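Some notes on the structure that comes next.
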Amino acid sequence: MNITEMQEKHLPALAELEKQCFHAPWSEKMLREELGGGIFLVAEQDGEVQGYVGCQTVLDEGYITNVAVSPDFRRRGAARLLIAELIARAKEKGLAFVTLEVRESNAPAIALYAGAGFAPVGTRKNFYSNPAENALLMTINFE
């Protein structure tokens, strides 16, 4: 598996992946707007996109927007590799922290993030819809 920066060639596959994974998927146009900004990484093998992670950056802060892995490739380590590479690049960029929101009921994702060093720091009431649910806010600090 190869982890690479998101490129124009990935956008159609990533837009399709968004539809498979999220109730409110990002469009190809929305993904295109992130090219060259923040930290957006793609996991691929033999030219096939398996997943991606996106992190918008503001000054020395990182905000993970999405972590998505194709249902066909889950439980094979793609998300773990993507998060590890994102953390390495965040440190290289001198970010102070990276933070994310995750559904309180998403135990596998919470375990993934905790295993990567993220710690719970709060909740956002009714952050998600379809169905309505609180978000657990998790952060990893580098300083």
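The shown structure was predicted, so the numbers you read here are calculated from the model rather than taken from an experiment. Along the sequence shown, residues carry numbers from 1.
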Please tell me if the side chains of [X] and [Y] come closer than 4.5 Å, counting only heavy atoms from C-beta onward.
| X | Y | value |
| --- | --- | --- |
| Val98 | Phe118 | yes |
| Leu137 | Thr99 | yes |
| Asn134 | Phe127 | no |
| Leu14 | Glu18 | no |
| Leu112 | Arg80 | yes |

Under 3.5 Å, is there a donor-acceptor pair linking the side chains of [X] and [Y]?
| X | Y | value |
| --- | --- | --- |
| Ser105 | Glu133 | yes |
| Glu44 | Gln50 | no |
| Gln45 | Asn2 | no |

- Item | Name of the residue among Glu48, Glu16, Gln20 meeting side-chain contact (heavy atoms from CB on, under 4.5 Å) with Ser70 |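 When Glu48, Glu16, Gln20 are each tested with Ser70, the side-chain contact (heavy atoms from CB on, under 4.5 Å) holds only for Gln20.
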
- Task: Among Leu82, Val102, Leu86, Ile83, find the residue that satisfies the side-chain contact (heavy atoms from CB on, under 4.5 Å) test when tested with Val67.
- Result: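 Of all the options given, the one that passes is Ile83.
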
- Query: Between Glu5 and Arg89, does at least one N-O distance fall below 4.0 Å, as a salt bridge requires?
  - Reply: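 Arg89 and Glu5: salt-bridged.
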
- Geometric class of the Phe97/Tyr63 ring pair [parallel <30°, tilted 30-60°, perpendicular >60°]: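 Aromatic pair Tyr63/Phe97 classed perpendicular.
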
